[in-house]
Amino acid sequence: MKELSKMLIITLIPKRVYEGTFKNGLFDGKGMLRWKDGSFYKGELSKGKQDGYGEETSKEGDVYKGYYSKGNKNGEGKLFTNDGNIYNC
């Protein structure tokens, strides 16, 4: 039996809004999470967590571009700070 992924926008009150695909009731595939403070993540998710390549923008405007595993930054990535600095992570 083949399982279908669905594209939805859901507000998870009060913490965050998710726009993307679901599988087995969890965030899965490509999507975007937005938090109440203005920070957001756009990228790959698996089993409800950031997993694969993604970009996370903080409320201050710093941007991390890199890889995640099970919700944590993992592997190569770069941090672009709002004051113009770039760091390899």
Side-chain angles (χ1 to χ4, degrees):
M1 186 161 119
K2 185 177 180 183
E3 182 168 338
L4 300 175
S5 294
K6 297 179 181 178
M7 176 69 143
L8 296 171
I9 299 172
I10 186 167
T11 301
L12 306 166
I13 299 173
K15 296 182 181 181
R16 57 190 173 170
V17 172
Y18 175 70
E19 179 179 344
T21 56
F22 284 82
K23 185 175 180 182
N24 294 328
L26 299 170
F27 312 150
D28 201 280
K30 295 194 182 236
M32 183 165 72
L33 283 164
R34 286 181 278 145
W35 286 269
K36 188 176 181 178
D37 68 1
S39 60
F40 63 93
Y41 169 84
K42 184 176 182 179
E44 299 171 345
L45 299 108
S46 178
K47 298 179 182 174
K49 297 181 179 181
Q50 296 112 314
D51 200 86
Y53 183 81
E55 299 180 6
E56 186 173 347
T57 302
S58 72
K59 65 182 179 181
E60 294 84 13
D62 298 332
V63 178
Y64 170 80
K65 296 180 180 185
Y67 292 89
Y68 290 77
S69 177
K70 299 178 183 175
N72 298 305
K73 294 177 179 92
N74 185 33
E76 290 186 28
K78 288 192 176 192
L79 177 64
F80 300 83
T81 64
N82 64 7
D83 60 2
N85 292 309
I86 301 172
Y87 300 96
N88 290 317
C89 305

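Start at 1 with the first residue, then count along the sequence.
Below 30°, between 30° and 60°, or above 60°: for Tyr18 and Phe27 the angle between ring planes is below 30°, a parallel geometry.
Every ring-ring contact (aromatic ring centres under 6.0 Å, His included) that Tyr67 has, sequence neighbours left out, goes to Tyr53. Residues passing the side chain to side chain donor-acceptor pair (under 3.5 Å) test with Ser39 are Asp37, sequence neighbours excluded.
Closest heavy-atom contact between Leu33 and Leu45: CD1-CD2, 4.0 Å. For Asp62 against Thr81, the heavy-atom pair with the smallest separation is OD1-CA, 3.2 Å. Nearest heavy-atom pair across Lys47 and Asp28 is N-OD2, 3.2 Å.
The side-chain heavy atoms of Glu44 and Lys30, taken from C-beta on, include a pair separated by under 4.5 Å.
Atom NZ of residue Lys49 and atom CG of residue Asn72 lie 7.5 Å apart, to the nearest 0.5 angstrom. Distance CE/Met32 to CD/Glu19: 5.5 Å, rounded to 0.5 Å. Here the straight-line distance linking atom NZ of Lys73 with atom CD of Glu56 works out to 4.5 Å at 0.5 Å rounding. Note that CZ of Arg16 and NZ of Lys36 are 14.5 Å apart. Values are rounded to the nearest 0.5 Å. The CG atom of Leu26 sits 11.0 Å away from the OG1 atom of Thr21 when rounded to the nearest 0.5 Å. A distance of 11.0 Å separates OH in Tyr68 from CG in Asn74, rounded to the nearest 0.5 Å.
Side chain of Asp51 to backbone of Lys70: a donor-acceptor contact under 3.5 angstrom is found.
Cluster annotation: Trp35 and Tyr64 are assigned to the same hydrophobic cluster (Ile/Leu/Val/Met/Phe/Trp/Tyr, side-chain heavy-atom contacts under 4.5 Å, transitive).
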